[in-house]
Amino acid sequence: MEEVEHSTNNNNNNNCRYDEPVECPECGSHSIVHDYEKGELYCGSCGLVMEEEIVDQGPEWRAFDSEQTMKRARTGAPASYTIHDKGLSTTIDWRNKDTYGKTISSGDQAKFYRLRKWQKRINVSDSSERSLVFALSEIDRMGSALGLSRSIREGAALLYRQAADKGLIRGRSIEGLSTAVLYATCRQYGVPRTLDELAGVSRIGKKEVGRTYRFISRELGLKLQPVSPVDLVPRFCSKLDLTGDVQAKTIEILGEAEEKDVSVGKGPVGLVAASIYIAATLLGRRRTQKEIADVTGVTEVTIRNRYKEIAEALDIGI
DNA sequence: AAGACGAAAGTGGTTGA
DNA sequence: TCAACAACTTTCGTCTT
């Protein structure tokens with residue numbers, strides 16, 4: 001385990017990748033929306049997604065001169081659920097220097113060695129603490145691999161703690177629990193990722209993620225709505241290089257399909273995939289079933305079945 | 001030749017007796 | 001606990017563009 005060093009890292013927090021205001025290349029509107037919750041950057045006017053999986057970096061405040069910077073900067077790292085002791089414990093630096101930067105005498109060095117040793121034992125004392133450390137780092141790793149916002153990773157860490165407090169870890173892999181809580185948190189925040197995507201950044205399979213997710217969802221009494229197909233549209237569309245008009249059409253189709261009761265009991269991903277296929281075809285931006293299948297993670301067969309059902313119900317001839 | 005189509009058999013999960 | 005069931009996948013042969 002590495003020692004956690006606290007530093008006030010305020011010097012290069014202002015390297016934001018997106019200088020605002022940005023103009024929408026599609027409709028020229030200036031109403032660009034930074035949705036850090038969904039990790040997306042899109043046009044509020046026409047819906048064009050310009051970036052997804054943007055990383056929320058830097059402080060939440062803005063400063064216009066150095067005086068404000070000094071005023072607004074707060075000392076120390078924020079208390080965080082993604083660090084096992086919430087970032088609040090003290091660590092003893094590994095450098096053999098005192099507070100004045102002078103090297104500590106060789107006699108004292110042995111003393112400090114013992115101090116460090118005990119310090120670590122106190123911080124990461126028992127096995128549950130140690131597994132928590134591992135789980136939280138895994139959540140953070142997977143979260144950033146999927147481009148999820150800080151708040152979602154924090155939420156997942158909190159959920160993991162709740163699971164740990166209830167003793168739900170026993171007999172289950174840490175990796176599985178970590179992946180499952182991350183999946184659950186994404187859904188809570190309305191930015192669903194598919195099981196495939198989670199399994200892709202995890203060391204365990206889709207099956208196990210699903211199983212563990214159902215388990216913790218039941219045990220912790222999470223009441224999660226089924227994934228809404230609409231939440232998946234922007235991400236899939238932008239991966240397919242489809243712009244706002246196709247997204248809007250897709251959402252329209254999904255809405256009508258819902259009304260006509262063709263979507264009951266069907267998997268949301270298949271519905272989205274088929275709706276995108278129809279919308280893109282109608283608007284002359286045709287994508288092959290295979291392209292859509294690759295992005296969405298369902299098979300071409302499923303796309304075909306859904307799109308036939310939807311097209312029939314909505315009287316759409318292609 | 002690539003894409004779309006559809007039949008058939010298999011998988012994993014839910015439900016209800 | 002087990003069988004029926006729906007959704008989805010895999011595979012493969014055929015048709016269409």
Side-chain angles (χ1 to χ4, degrees), chain A residues 159 163 168 171-173 175-188 192-233 235-237 239-243 246 249-251 253-318:
Chain A
L159 202 55
L168 303 179
R172 249 161 265 274
S173 75
E175 185 85 20
L177 247 325
S178 310
T179 317
V181 295
L182 195 54
Y183 176 72
T185 312
C186 285
R187 288 183 53 169
Q188 273 183 331
R193 293 297 188 268
T194 61
L195 282 175
D196 274 321
E197 289 172 294
L198 263 299
V201 294
S202 174
R203 262 173 279 247
I204 61 173
K206 177 182 171 179
K207 219 169 77 181
E208 184 69 23
V209 181
R211 213 203 314 274
T212 315
Y213 160 71
R214 276 188 299 278
F215 171 74
I216 60 155
S217 163
R218 180 163 26 94
E219 294 298 320
L220 292 177
L222 308 175
K223 31 188 188 304
L224 292 171
Q225 304 295 322
V227 175
S228 163
V230 176
D231 286 333
L232 299 163
V233 173
R235 208 155 43 82
F236 287 154
C237 275
K239 275 190 185 169
L240 286 162
D241 238 357
L242 292 168
T243 44
V246 183
K249 189 75 190 167
T250 305
I251 291 170
I253 292 170
L254 283 170
E256 287 179 40
E258 176 97 27
E259 265 177 38
K260 301 257 163 103
D261 274 354
V262 250
S263 47
V264 281
K266 304 294 194 294
V269 185
L271 287 169
V272 175
S275 301
I276 292 175
Y277 181 71
I278 297 170
T281 307
L282 284 178
L283 297 175
R285 304 266 189 64
R286 195 182 181 83
R287 295 290 182 275
T288 65
Q289 293 178 356
K290 174 139 189 18
E291 283 174 313
I292 298 175
D294 284 344
V295 167
T296 56
V298 295
T299 60
E300 301 160 64
V301 180
T302 303
I303 295 177
R304 280 199 290 274
N305 291 335
R306 285 303 85 76
Y307 119 75
K308 265 187 300 174
E309 292 163 9
I310 295 173
E312 194 179 337
L314 303 188
D315 263 339
I316 300 173
I318 296 186

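Note that these values count all heavy atoms, side chains included, but never hydrogens, waters or copies made by symmetry. Letters go in sequence order (proteins before strands), and every chain restarts at 1.
- Spacing between atom CD1 of A:Ile292 and atom C1' of B:dG3 amounts to 13 Å, rounded to whole angstrom units.
- The distance between atom NZ of A:Lys290 and atom C1' of B:dA2, rounded to the nearest whole Å, is 12 Å.
- In this structure, the CZ atom of A:Arg211 is 10 Å from the P atom of B:dT14, given to the nearest Å.
- With rounding to whole Å, A:Ile303 atom CD1 is found 12 Å from C:dT10 atom P.
- Atom-to-atom, CG of A:Asp294 to C1' of B:dA4 comes out at 15 Å; the value is rounded to the nearest Å.
- Side-chain atoms of A:Arg235 and A:Arg193, non-hydrogen and from C-beta on, do get closer than 4.5 Å to each other.
- Just one residue in the list A:Val262, A:Leu314, A:Asp315 forms a side-chain contact (heavy atoms from CB on, under 4.5 Å) with A:Glu256, and that residue is A:Leu314.
- Atom CD1 of A:Ile278 and atom P of B:dA4 are 13 Å apart (whole Å).
- For the pair A:Lys207 and A:Arg287, nearest-nucleotide mapping onto DNA chain B gives the more 5' position to A:Arg287.
- Note on A:Tyr277: a side-chain N or O is less than 4.0 Å away from OP1 or OP2 of B:dA4.
- When the nearest nucleotides of DNA chain B are assigned to A:Glu300 and A:Glu208 by heavy-atom distance, the more 5′-ward of the two goes with A:Glu300.
- The residue A:Gly265 sits close only to the backbone: its heavy atoms come under 4.0 Å of sugar-phosphate atoms, none of a base.
- A:Arg214 has no side-chain polar atom (N or O) that falls below the 4.0 Å cut-off from OP1 or OP2 of B:dG12.
- OP1 or OP2 of B:dG6 lies within a sub-4.0 Å distance of a side-chain N or O belonging to A:Lys308.
- For A:Asn305 and B:dC5, the CG to P distance is 11 Å, given to the nearest whole Å.
- Across A:Ser275 and A:Leu254, no two heavy atoms sit closer than the pair OG-CD2, 3.2 Å.
- Residues A:Thr288 and A:Tyr277 approach most closely at C-CE1, 4.4 Å, considering heavy atoms.
- Pairing partner, C:dT16: B:dA2, with both Watson-Crick or wobble hydrogen-bond distances short of 3.5 Å.
- Atom P of nucleotide C:dA6 and atom CD of A:Glu309 are separated by 13 Å, given to the nearest angstrom.
- Side-chain atoms of A:Lys266 lie closest to C:dC8 of the nucleotides C:dC8, C:dT10, B:dA4.
- Residue contacts for A:Thr288: at a heavy-atom cut-off of 4.0 Å it reaches the sugar-phosphate backbone alone, with no base atom in range.
- For the pair A:Ala274 and A:Ile310, the tightest heavy-atom approach, listed with the atom from each and the gap, is CB-CD1, 4.2 Å.
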